[in-house]
Amino acid sequence: MKALLVCPEYADDFWTMKHALEFVSRKADEPPLGLLTVASMLPADWELKLVDMNVTGLIDEDIRWADYVFIGAMVAQRDSTKEVIARCRAMGRKTVGGGWLFTSFPEEFPEVDYLVLNEAESSLPSFLKDLARGCARRMYTSDARPELRLTPLPRWSLIDMSRYSVMNMQYSRGCPFNCDFCQVSVVQGRQSRTKTVAQVVAELNALYHAGWRGAVFVVDDNFIGNRKAVKSEILPVIINWQKERHFPFNFITQLSMDLADDGQLMDLLAEAGFNLVFLGIETPHEESLALCGKSQNLHRDLVGQVKSIQRHGLETMAGFIVGFDTDPPSIFRQQTDFIQQSGIPIAMVGLLNAPPGTRLHRRLEQEGRILQVTATGSNTDCFTNIIPKMGREALMDGYRCMVRTLYEPRNFYARVLSFLKEFRSYSRPGGRVRFWEIAAFLRSTWRLGVREKERRYYWRLLIWVLLRRLELLATFIALAIKGYHFRRFAERQFIGSA
């Protein structure tokens, strides 16, 4: 049996990092971890190929080669997914659809031959068994939440790692919190299911022996969902593993704001090589936090705690939302001021949405405030399926103005400076400078320091770093490159907006 695994192309949005990747000569930010993991679940005697359309084109010969085409997709890949399905049908090849897109909107894909929905550890084995017997049904789904000890190592041999800027791995699924707009606790549960220590070590070893050196994104929705296991089991093991190999990896992950309550945990993360964390802050407006059930962020000095996280050696990115029912007209200025004061360089701001199955969706549906429109999967494309209380025009105007303001060079570089003043850099062994890093520095100096409109801010801060915080030069260059991407994206997204 020959199986082609296809990752469709992502629509250009905030997180594709398209404009930043130009500086580091990479084609995509991260590989399709879900498909690579599914590849290890397929029968050992099958022949496999993987095509990531974000890295290379899908050619007709690849489709004709395959007996089955497995398509794994997120919502932001909808348009490309439909094109792939159409091409496969035209060439008489059977398709198998899985992932968040197909699980959320199975009715949109009547042309797909087989749908394998929800978590693959539960639904894929039954499909493969029936397929081998010649009696496969069209749809396989399961509400079971499988133990992650069933999850195999990804098949890293199916990709060219040099085409990506980050590798990825998963430790846990689920989140103990229950924010009313979030699908994670609905789809994956409120109990954090984790891999074993042995699995984590095996995944680190697999990446290391495949030749990877650099950033690894731990893709968990809340890495500290099981705080006890992370502190007592996982982080100490990662620290020892990193020390033995002279710190080949630096880690990125997502976690909740209650991280700031635990100084020991922050120190362990930094010691293990975590240097960048994404925080779900959403809003500094207390009424809106209470309304959406984000109790873990209530009654905090959020600015002070963000700076505390930075002082523990963790660079902070964060997500923000506008459009809550309790948001006042001043929310856009309040959000902007908060982001500037907290020194969060990379701030993703989106409109409130109500995904199907969430408590928010149920409430607004009862109020007649859900729009029957198709989600795009992007956090930053002015899409919302909600009729907002402040009025759509006021929400859109305030949102566009806010994003443009945040990524104006003056404001962005002010946040970078604020962050660099707080950030505590950990000195670790290794740290060999790679050729592509030198090339990225030279490209950034030419483009951002000479060609682009932020040049005076770039040079002012570069000189400050060289004179006062030389150890943060690589951090500054990385932030400047990312800021350029976000500015370009904001300009394109909101072009012509008043």
Side-chain angles (χ1 to χ4, degrees), residues 1-11 28 31-144 146 150-152 154-160 187 374 377:
M1 191 77 73
K2 297 176 180 178
L4 175 68
L5 295 92
V6 177
C7 176
E9 189 174 5
Y10 281 92
L33 182 63
L35 275 178
L36 291 165
T37 305
V38 165
S40 293
M41 300 179 188
L42 298 178
D45 59 347
W46 283 22
E47 293 183 59
L48 304 181
K49 286 184 182 180
L50 188 148
V51 174
D52 181 355
M53 295 176 65
N54 301 281
V55 167
T56 187
L58 175 63
I59 60 176
D60 289 348
E61 286 75 8
D62 286 332
I63 298 175
R64 293 194 184 98
W65 170 86
D67 297 306
Y68 292 90
V69 179
F70 285 70
I71 306 169
M74 302 291 284
V75 178
Q77 296 167 283
R78 175 187 274 108
D79 291 344
S80 179
T81 297
K82 291 185 175 180
E83 292 174 5
V84 172
I85 294 167
R87 289 177 63 186
C88 292
R89 284 180 61 83
M91 285 182 247
R93 294 301 183 264
K94 291 189 177 295
T95 53
V96 184
W100 202 276
L101 172 62
F102 294 100
T103 297
S104 300
F105 305 99
E107 69 285 351
E108 282 192 28
F109 301 96
E111 308 92 345
V112 174
D113 295 286
Y114 304 104
L115 292 172
V116 182
L117 309 180
N118 296 107
E119 298 183 51
E121 293 89 346
S122 293
S123 51
L124 185 61
S126 298
F127 166 68
L128 294 174
K129 182 178 179 181
D130 289 350
L131 188 67
R133 295 163 57 188
C135 60
R137 306 187 308 273
R138 181 171 182 272
M139 183 180 292
Y140 291 79
T141 186
S142 172
D143 292 330
L150 302 173
T151 307
R155 285 280 294 272
W156 293 114
S157 59
L158 292 175
I159 65 164
D160 178 358
V187 176
T374 302

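Counting from 1, the numbers follow the sequence of the chain as shown. Just so we're clear, the structure is a prediction, and the values are computed from it rather than from any experiment.
- Under the ring pair (Phe, Tyr, Trp, His ring centres under 6.0 Å) criterion, no residue pair touches residues 32-56, with sequence neighbours excluded.
- Residues satisfying the salt bridge (Lys or Arg N to Asp or Glu O under 4.0 Å) criterion with Glu119, sequence neighbours excluded, are Arg173, Arg193.
- For residues 43-53, the pairs satisfying salt bridge (charged side-chain N to carboxylate O under 4.0 Å, His left out) are Lys49-Asp62, with sequence neighbours left out.
- Here the side chains of Leu4 and Leu58 are in contact, with some heavy-atom distance below 4.5 Å.
- Here the closest heavy-atom approach between residue Ser80 and residue Pro8 is recorded as OG-CB, 3.4 Å.
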What pairs of donor and acceptor atoms, side-chain ones from residues 133-143 against any protein atom, are under 3.5 angstrom apart with sequence neighbours left out?
| residue | atom | partner | partner atom | Å |
| --- | --- | --- | --- | --- |
| Arg137 | NH1 | Asp130 | OD2 | 3.4 |
| Arg138 | NE | Val112 | O | 3.0 |
| Arg138 | NH2 | Phe109 | O | 2.6 |
| Arg138 | NH2 | Val112 | O | 3.1 |
| Tyr140 | OH | Asp130 | OD2 | 2.7 |
| Tyr140 | OH | Arg137 | N | 2.8 |
| Thr141 | OG1 | Asn118 | OD1 | 2.4 |
| Ser142 | OG | Ala144 | N | 3.0 |

Only distances under 3.5 Å count here; give the side-chain donor-acceptor pairs of residues 88-102 to other protein atoms, sequence neighbours excluded, each with its distance to 0.1 Å.
| residue | atom | partner | partner atom | Å |
| --- | --- | --- | --- | --- |
| Arg89 | NH1 | Glu111 | O | 3.3 |
| Arg93 | NE | Ile63 | O | 3.4 |
| Arg93 | NE | Arg64 | O | 3.3 |
| Arg93 | NE | Ala66 | O | 2.8 |
| Arg93 | NH1 | Met91 | O | 3.1 |
| Arg93 | NH2 | Arg64 | O | 2.8 |
| Thr95 | OG1 | Asp113 | N | 3.3 |
| Thr95 | OG1 | Asp113 | OD2 | 3.4 |
| Trp100 | NE1 | Ser104 | OG | 3.3 |
| Trp100 | NE1 | Gln183 | OE1 | 3.4 |

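- With sequence neighbours left out, Glu83 forms a salt bridge (Lys or Arg N to Asp or Glu O under 4.0 Å) with no residue at all.
- When the salt bridge (Lys or Arg N to Asp or Glu O under 4.0 Å) test is applied to Lys82, the partners found at least two apart in sequence or on another chain are Glu108.
- For the atom pair OG1 of Thr103 and CE of Met74, the computed distance is 10.0 Å after rounding to the nearest 0.5 Å.
- Among residue pairs with one or both ends in residues 67-89, none qualify as ring pair (Phe, Tyr, Trp, His ring centres under 6.0 Å); sequence neighbours excluded.
- Under the rule for a side chain to side chain donor-acceptor pair (under 3.5 Å), Asp67 has no partner lying at least two apart in sequence or in another chain.
- Separation of atoms CG (Leu35) and CG (Leu48) is listed at 11.0 Å; rounding is to 0.5 Å.
- Partners of Tyr114 under the ring-ring contact (aromatic ring centres under 6.0 Å, His included) rule, at least two apart in sequence or in another chain, are Phe127.
- Counting only heavy atoms from C-beta outward, the side chains of Leu50 and Pro31 never approach each other to under 4.5 Å.
- Legend: residues meeting side-chain contact (heavy atoms from CB on, under 4.5 Å) with Ser157, ordered by chain and number and at least two apart, are Arg155.
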